[in-house]
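Atoms within each ligand, like the ligands themselves, are counted from 1 in listed order. In this chain, numbering begins with 1 at the start of the sequence shown. Note that the structure is a prediction, hence the values are computed from the model and not measured.
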Amino acid sequence: MRIVIKVGGSLIQDKNGKIRIKYLKELVKILKKIKENNEIAIIVGGGKSARIYITAARELGAPEALSDEIGIEIAKIHARLLISALGEVAYPKTFESLSEAVSAFQSGKIIILGGLQPGQSTNAVASLLAERLNADLLINATDVAGVYTADPKKDPSAKKIDELNISDFTKMVRLEKAKAGEYSLFDYVAYLIIKRSKVPIIFISGEDPKNILKIVNGEKLGTKIVYD
Ligand code: UTP
């Protein structure tokens with residue numbers, strides 16, 4: 001299979017901004033295992049550092065687009081960190097554009113991207129890359145177990161949804177939340193792209209990286225988006 005995996009910034013960096021070394025080592029083992037029988041591309045988020053720098057830039061008067069650009073750079077630093085952790089199996093650099101990434105993908109190495117352009121989150125990068133590569137699967141790994149009826153971090157009665165139609169998905173996820181560093185679980189560009197390409201997408205908790213392997217092996221986990 002050809003698989004695109006989005007790794008949320010919150011998995012790479014804890015809430016205090018500390019890089020989760022042990023987690024990254026575990027993640028690398030799983031990614032190498034998946035790579036044995038599949039082609040993979042990875043996108044990483046900006047996490048706590050992106051938010052720290054974006055907040056500071058905003059307080060200093062930066063327009064949103066510049067704050068987004070700062071987030072893009074931080075996500076790229078996270079991409080470089082994962083490149084370091086993966087060693088030889090990874091393509092040695094990250095990318096400025098989708099086409100650059102696609103060319104590198106043909107090398108057979110795992111490619112790793114951060115952000116690409118303002119006005120979106122790394123979910124849009126993941127969706128665009130999945131569409132461009134004609135991926136069989138897009139796995140969106142975050143620190144929550146899927147899409148919930150309400151924000152599970154704020155509402156303890158929130159229930160996880162196993163399967164969600166794309167039109168209901170837009171009602172659950174606040175796509176209009178579109179400020180640098182504060183994009184929702186998904187963003188509007190990402191939504192438009194998956195809607196047109198209909199790439200199979202599953203939201204899971206990446207807190208245990210084995211969950212990613214389980215999905216690749218066809219186990220049912222998280223929330224699957226279904227198309228009309
Ligand atoms: P993300 O919002 O995607 O990372 O990128 P995150 O905060 O770690 O979120 P999750 O947990 O992975 O979902 C960080 C910021 O970088 C900018 C946005 O401001 C975004 O909030 N960005 C990222 C862009 O402007 N364009 C991109 O293509 C990617």
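For S127, the side chain to side chain contact (heavy atoms under 4.5 Å, CB included) criterion is met by L138, F186, A190, I193, I194, not counting sequence neighbours. Qualifying salt bridge (Lys or Arg N to Asp or Glu O under 4.0 Å) partners for E207, counting only residues two or more places apart in sequence or in other chains: R20.
Checking each of L213, N211, V216 against I30 for a side chain to side chain contact (heavy atoms under 4.5 Å, CB included) leaves exactly one that passes, namely L213.
The salt bridge (Lys or Arg N to Asp or Glu O under 4.0 Å) analysis of residues 120-130, with sequence neighbours excluded, yields no pairs.
Taking the side chain as every heavy atom from C-beta outward, V28 and L82 approach each other to under 4.5 Å.
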Is there any protein N/O under 3.5 Å from an N/O of ligand 1, and what does the full list of such pairs look like?
from: ligand 1; atom 1: 3 (O); to: T122; atom 2: N; distance (Å): 2.8
from: ligand 1; atom 1: 3 (O); to: T122; atom 2: OG1; distance (Å): 2.4
from: ligand 1; atom 1: 4 (O); to: G46; atom 2: N; distance (Å): 2.9
from: ligand 1; atom 1: 7 (O); to: R51; atom 2: NH1; distance (Å): 2.8
from: ligand 1; atom 1: 8 (O); to: G9; atom 2: N; distance (Å): 3.1
from: ligand 1; atom 1: 8 (O); to: G46; atom 2: N; distance (Å): 3.0
from: ligand 1; atom 1: 8 (O); to: G47; atom 2: N; distance (Å): 2.6
from: ligand 1; atom 1: 12 (O); to: K6; atom 2: NZ; distance (Å): 2.9
from: ligand 1; atom 1: 12 (O); to: G9; atom 2: N; distance (Å): 3.0
from: ligand 1; atom 1: 13 (O); to: K6; atom 2: NZ; distance (Å): 3.2
from: ligand 1; atom 1: 19 (O); to: D68; atom 2: OD1; distance (Å): 2.5
from: ligand 1; atom 1: 19 (O); to: G181; atom 2: N; distance (Å): 3.0
from: ligand 1; atom 1: 21 (O); to: G181; atom 2: N; distance (Å): 2.8
from: ligand 1; atom 1: 22 (N); to: Q120; atom 2: O; distance (Å): 3.3
from: ligand 1; atom 1: 25 (O); to: D68; atom 2: OD1; distance (Å): 3.3
from: ligand 1; atom 1: 25 (O); to: Q120; atom 2: O; distance (Å): 3.1
from: ligand 1; atom 1: 26 (N); to: Q117; atom 2: O; distance (Å): 2.6
from: ligand 1; atom 1: 26 (N); to: Q120; atom 2: O; distance (Å): 3.1
from: ligand 1; atom 1: 28 (O); to: L116; atom 2: N; distance (Å): 2.9
from: ligand 1; atom 1: 28 (O); to: Q117; atom 2: N; distance (Å): 3.3
from: ligand 1; atom 1: 28 (O); to: Q117; atom 2: O; distance (Å): 3.3
from: ligand 1; atom 1: 28 (O); to: Q120; atom 2: NE2; distance (Å): 2.9

Kindly determine whether K210 and E219 satisfy salt bridge (Lys or Arg N to Asp or Glu O under 4.0 Å), including the steps that lead there. CA-CA 11 Å; K210 285 192 206 81; E219 279 187 48; over 6 Å; no
